[in-house]
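Whatever order the structure lists them in is the order used to number ligands and atoms, beginning at 1.
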Amino acid sequence: MSFFQIIDPIFQSYVLFNAPVKQLATGFDWTEGPVWFGDANCLLFSDIPNNRILRWTPGSGLSTYREPSNFTNGHTRDRQGRLISCEHGTRRVTRTELDGSITVIADSFQGKRLNSPNDVVVKSDGSIWFTDPHYGIGSDYEGHKSEQELPCNLYRVDPATGAIEVKVDDANCPNGLAFSPDEAKLYVADTGRMFTDDPKHMRVFDCSDDGDLSGGAVFHVVDTGASDGFRVDTDGNIWTSAGDGVHCIAPDGHLMGKILTPEIVSNVCFGGRGKHQLFITGTTSLYAVALNRRGVQWP
Ligand code: MG
């Protein structure tokens with residue numbers, strides 16, 4: 001059995017025919033939020049229902065990075081190398097400083113508590129962009145069951161003032177997000193309410209240097225599952241989670257191929273030396289596959 005499904009012939013050159021999809025670790029309940037730390041040669045990721053952040057290191061494997069984690073979900077790094085995390089349990093976005101202390105970046109908007117920040121990216125100007133669907137407050141499984149106070153928005157945090165502003169207010173449940181390599185486009189997944197006919201698609205916005213968004217048309221409709229999380233490679237292709245593995249979407253929105261996995265995938269990130277390893281958080285396991293593409297991954 002091949003690990004790859006070629007839909008557009010060009011996808012053959014994006015993958016390595018003899019590179020396996022390896023299971024690096026297993027025994028989790030729902031993993032998300034992989035983020036690569038090249039300086040520490042390790043990957044961090046969330047095991048949300050078990051309220052912990054785990055660390056995987058080539059050669060020495062799995063260890064615990066933080067437990068309890070306040071039910072963290074998505075992570076990224078800012079340009080100073082600091083960990084930025086979405087926390088369901090405390091309904092906030094935080095930064096872990098280099099000395100280990102935690103700084104709250106956002107926990108409310110106009111006096112109302114955020115829902116459960118899900119995924120986050122940092123633009124090169126230092127602005128922090130995050131989505132705030134309600135998945136983490138609907139039950140006690142991935143956070144704490146509690147009342148929703150705000151619509152499910154996408155927010156931007158200003159790098160100079162720390163002010164929080166709504167950037168997308170017409171999504172059902174905004175989830176994964178990523179900028180194109182030149183940051184002129186922002187891709188945002190809408191994963192809707194599970195077990196419903198809510199659209200499961202990805203939208204694309206034009207993003208000005210000042211962070212103004214326009215457009216927002218549907219860019220791609222996922223054929224299986226949902227685009228919970230995704231990353232772009234240096235050519236602008238989008239590697240997104242889906243119900244049957246990872247899908248590779250061209251900049252024009254068409255599906256080029258799939259990396260097939262035995263479990264539903266939640267998120268991906270590039271890492272490893274050369275930034276050509278794609279780390280994949282599946283339902284109960286962490287996987288990785290070497291690609292013939294390099295990710296936009298800082299640092
Ligand atoms: Mg997500």
- Item | Angle in degrees, rounded to 10°, that OD1 of Asn118 and OD1 of Asn175 form at the Mg ion (ligand 1) | 80°
- Hey, is Lys200 close enough to Asp190 for a salt bridge, meaning N to O under 4.0 Å? no
- Note on the structure: Nearest heavy-atom approach of Arg293 to Ser13 is NH1-O, 3.9 Å
- Message: Any N/O/S atom, side chain or main chain, of Asp228 closer to the Mg ion (ligand 1) than 2.8 Å?
- Response: yes
- Message: Could you work out, with side chain to side chain contact (heavy atoms under 4.5 Å, CB included) as the rule, every residue matching Asp209, not counting sequence neighbours?
- Response: none
- Query: Just by distance, do the side chain of Asn115 and the backbone of Leu150 share a donor-acceptor pair under 3.5 Å?
  - Reply: yes
- Return yes when at least one N/O/S atom of Tyr135 is nearer than 2.8 Å to the Mg ion (ligand 1), and no when none is. no
- So, is Ser266 placed with an N/O/S atom under 2.8 Å from the Mg ion (ligand 1), counting both backbone and side chain? no
